[in-house]
2 protein chains.
Amino acid sequence: MTALSDHRTAARPTMADVAAEAHVSVKTVSRVVNHEPGVRPDTAERVRAVIERLGFRRHDGARLMRQGRTFTIALVVEDLANPFYSQVGAAVEREARIRQHQLITASAEGSPSRERAVIEALVNRRVDGIVVVPADESASSDAVLEASHTPIVYMDRPVRGTPRDTILSDNHGGIRSAVEHLVAHGHRNIAFYGDDPAFWTARQRRDAFVTTQQSLGLPTTPRVSMGPHSPASVHESLSQWATGPEPITAVITGNNRITLAALLALRELRLPLSLVGYDDFELAALIDPPVTVVHQDPAAMGQKAAQQLFARLLGDESQAQTVVMPTRLIVRASGVRRGTPTR
Amino acid sequence: MTALSDHRTAARPTMADVAAEAHVSVKTVSRVVNHEPGVRPDTAERVRAVIERLGFRRHDGARLMRQGRTFTIALVVEDLANPFYSQVGAAVEREARIRQHQLITASAEGSPSRERAVIEALVNRRVDGIVVVPADESASSDAVLEASHTPIVYMDRPVRGTPRDTILSDNHGGIRSAVEHLVAHGHRNIAFYGDDPAFWTARQRRDAFVTTQQSLGLPTTPRVSMGPHSPASVHESLSQWATGPEPITAVITGNNRITLAALLALRELRLPLSLVGYDDFELAALIDPPVTVVHQDPAAMGQKAAQQLFARLLGDESQAQTVVMPTRLIVRASGVRRGTPTR
DNA sequence: CGGTGGTCAGACAACGCTGTCATGCCCGCA
DNA sequence: TGCGGGCATGACAGCGTTGTCTGACCACCG
């Protein structure tokens with residue numbers, strides 16, 4: 001035991017401890033640890049032995065602080081338990097891992113103020129970059145990001161203010177493919193259930209629905225109901241629009257949860273309407289009838305976002321760009337048939 | 001501009017920069033930033049103004065390094081996109097957040113060696129603690145954890161070696177409730193489909209099935225099929241056991257994916273068998289017939305694990321403990337009826 | 001008027017590492 | 001023998017904070 005380590009017997013050994021034991025300088029230990037050249041093999045071996053014996057592990061915090069980078073990126077979403085976000089998370093983590101970075105995940109729970117706080121905390125930690133699914137369109141963290149020069153990539157929803165890299169999903173194309181699919185199968189009276197129009201994506205999809213309807217020359221009877229929706233609200237609305245004059249024969253739902261509500265309602269009402277949902281979900285194929293959906297690829301979006309972020313970290317200084325990721329219509333039975341589904 | 005900040009014009013200001021501008025010492029800036037007492041109000045105000053003007057933000061990396069704690073915990077799972085793990089992740093993140101900690105998530109992709117590497121990287125970063133869903137039972141990171149004194153909590157599966165805090169799910173009770181439920185509805189010939197017996201949980205559930213069968217005096221015809229399973233393998237096996245002598249009338253599936261395979265197979269074979277699945281899943285209620293499941297509560301498990309970890313961080317030195325979380329049978333139609341499900 | 005105590009502020013070292021530069025040594029060659 | 005050059009190694013400062021200790025200043029008291 002040297003005097004150096006006496007005073008913190010139980011503490012983790014540092015390079016200084018190793019250096020003392022191996023009778024070399026700290027710098028030499030550093031060189032060995034980092035496989036830098038310029039160390040005689042026998043010296044290196046001796047150092048390695050001491051490292052092993054003492055159980056030394058490099059303190060990355062200290063290292064990274066010296067180097068100015070943290071090799072950490074962050075992902076801020078609304079709720080990690082939501083399958084959409086968890087798939088994004090898995091993809092981002094993967095991209096980070098193959099680049100020797102670590103990922104901090106944080107939930108903002110849909111609150112802009114919490115999001116702001118979270119981002120500030122991340123900036124204070126000097127994460128190298130951030131991927132955010134923003135809670136709203138107010139660029140509330142703009143100033144902080146600007147001042148800290150922390151690269152950021154927005155996902156799924158755009159943000160006002162300084163132009164930033166943004167990865168969006170092709171909401172318009174997705175909805176159009178849904179409408180066209182239904183029309184191709186003879187539907188003309190289609191209802192649209194969207195989420196709270198406070199959400200940018202909800203508005204996008206609604207607008208796309210209206211536009212497409214017009215461009216295809218469908219009846220313009222307003223059959224658009226925006227949320228927030230509960231199974232009950234969908235139930236009630238559906239029961240009206242499916243009876244009365246010019247009854248609807250098909251439904252498009254603007255997201256996962258609404259699809260679910262509609263499925264429940266259709267079942268309860270015993271209405272054999274066609275359905276196309278937005279967002280794919282596990283087991284969509286097992287529902288009866290299997291549900292046709294517009295599939296956005298969260299993993300691809302997350303991957304793209306992370307790649308864009310890393311491009312920035314590697315020095316890409318080009319103008320901020322917006323990438324719109326394609327959607328894909330997954331045709332199952334629910335959008336095709338009319339009448340009682342067989343089993 | 002003082003000489004201090006000249007050489008890094010575009011860089012982020014430090015306390016030294018603020019100090020120079022405000023004509024105080026760095027320490028005073030530190031005091032203001034951390035709301036320490038002993039600063040005259042007008043001095044504090046002046047410092048705050050400079051902080052604002054310069055856009056200074058405390059560098060938490062440096063701070064934490066000085067303090068020896070990182071206010072970071074980590075979660076290591078197999079795959080963040082798996083709903084079970086993402087729910088765990090959300091719960092752990094939540095516990096971390098309310099304690100001002102951040103969460104690093106990492107995927108080991110089921111590989112023990114990757115898991116080891118990941119844990120070593122986390123230890124090098126001096127995360128304050130780790131929650132792990134271990135890839136296998138070999139305590140391969142034991143030495144590292146021991147040497148670094150990093151608290152760890154294992155989840156879902158135990159690990160050999162040094163006793164550690166472990167949060168498990170009551171696999172035995174879960175399976176027993178499933179069997180009892182089926183028996184109560186008149187079933188006596190039940191098949192069990194389990195995952196690869198390499199998984200501890202798979203073995204647990206299988207053993208529980210066998211034991212319960214015996215204790216209830218059911219026919220001991222071996223109807224246990226362990227994985228890995230594909231929809232095809234389940235299909236083939238089911239078609240045999242459902243015909244022949246003493247045909248099975250019910251099925252228990254040992255996890256999510258197998259439940260799915262069984263549902264597909266039952267549908268294809270048009271077999272009206274009863275089914276109880278292990279693991280709840282979104283939309284289980286919407287499948288036809290709605291699927292009865294043994295529900296483990298991933299969020300509760302994650303919460304419990306995080307709480308246990310934080311207890312350790314707060315100095316709890318008591319013996320490592322194993323907590324078994326209860327499961328709950330969610331009765332839907334699939335376990336009750338025999339015969340063609342109504343719709 | 002000297003002593004006491006309190007308040008505010010700063011100097012300095014330290015956290016554990018790495019980048020830069022200096023040093024010492026040995027070798028080969030003239 | 002002297003010297004240039006390459007190699008192995010080390011000293012030192014610095015990354016941006018914070019803990020500890022010291023010091024200046026003032027008010028108050030006997």
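Lettering of chains follows the sequences in order, A, B, ..., and the numbering in each one begins at 1. None of the values given here were measured: they were computed from a predicted structure.
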Give the table of side-chain donor-acceptor pairs shorter than 3.5 Å for residues 43-50 of chain B, with sequence neighbours excluded, one pair per line with atom names and distance.
| residue | atom | partner | partner atom | Å |
| --- | --- | --- | --- | --- |
| Glu45(B) | OE1 | Arg48(B) | NH1 | 2.7 |
| Arg46(B) | NH1 | Ala22(B) | O | 2.4 |

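- Not counting sequence neighbours, Thr322(A) has no partner by the side-chain hydrogen bond (donor to acceptor under 3.5 Å, both in side chains) test.
- Applying the salt bridge (Lys or Arg N to Asp or Glu O under 4.0 Å) test to Asp316(A) and every residue at least two apart in sequence or in another chain returns Arg312(A).
- Within residues 38-55 of chain B, no residue has a heavy atom under 4.0 Å from DNA chain D.
- Residue pairs that meet the ring pair (Phe, Tyr, Trp, His ring centres under 6.0 Å) test with at least one member in residues 55-74 of chain A, sequence neighbours left out, are Phe71(A)-His101(A).
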Give me the distances for all protein-to-nucleotides 22-24 of chain D N/O pairs that come in under 3.5 Å?
none

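- A salt bridge links Glu109(B) and Arg97(A); the closest N-O separation between the charged side-chain nitrogens and carboxylate oxygens is under 4.0 Å.
- Between the side chains of Ser107(B) and Glu93(A), at least one donor-acceptor pair of N or O atoms lies under 3.5 Å.
- By the salt bridge (Lys or Arg N to Asp or Glu O under 4.0 Å) test, Glu115(A) is found to be paired with no residue, residues two or more places apart in sequence or in another chain being considered.
- The shortest distance between the side-chain N/O atoms of Thr28(B) and the OP1/OP2 oxygens of dG10(C) is below 4.0 Å.
- At distances below 3.5 Å, at least one donor-acceptor pair connects side-chain atoms of Arg99(B) with backbone N or O atoms of Glu95(B).
- Relative to the axis of its first five pairs, the axis of the last five pairs of the helix from dC1(C)-dG30(D) to dA30(C)-dT1(D) sits at 70°, rounded to 10 degrees.
- Residue pairs meeting the salt bridge (charged side-chain N to carboxylate O under 4.0 Å, His left out) criterion with at least one member in residues 63-84 of chain B, sequence neighbours excluded: Arg69(B)-Asp128(B), Glu78(B)-Arg157(B).
- One interatomic measurement links the two molecules: CE of Met65(A) to P of dT18(C), which rounds to 13 Å at whole-angstrom precision.
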With the criterion being N/O to N/O and under 3.5 Å, what pairs connect the protein with nucleotides 17-19 of chain D, and how long is each?
| residue | atom | partner | partner atom | Å |
| --- | --- | --- | --- | --- |
| dT17(D) | OP1 | His59(B) | N | 3.1 |
| dT17(D) | OP2 | Met15(B) | N | 2.9 |
| dT18(D) | OP1 | Asn34(B) | OD1 | 3.4 |
| dT18(D) | OP1 | Asn34(B) | ND2 | 3.0 |
| dT18(D) | OP1 | Arg63(B) | NE | 2.8 |
| dT18(D) | OP2 | Ser30(B) | OG | 2.6 |
| dT18(D) | OP2 | Asn34(B) | ND2 | 3.1 |
| dT18(D) | O2 | Arg66(B) | NH1 | 2.3 |
| dG19(D) | N7 | Lys27(B) | NZ | 2.8 |

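- Nucleotide dG10(C) holds its P atom 11 Å from the NE2 atom of His23(B), rounded to whole Å.
- The salt bridge (Lys or Arg N to Asp or Glu O under 4.0 Å) check on Arg53(A) picks up Glu21(A), with sequence neighbours excluded.
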For Thr166(B) and Gln308(B): C-alpha separation, side-chain torsions, deciding distance, then whether side chain to side chain contact (heavy atoms under 4.5 Å, CB included) applies. CA-CA 9 Å; Thr166(B) 306; Gln308(B) 182 64 30; over 6 Å; no
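- One finds a salt bridge joining Asp142(A) and Arg164(A) here, because a Lys/Arg side-chain nitrogen approaches an Asp/Glu carboxylate oxygen to under 4.0 Å.
- For Arg116(A), the side-chain hydrogen bond (donor to acceptor under 3.5 Å, both in side chains) partners are Glu120(A), not counting sequence neighbours.
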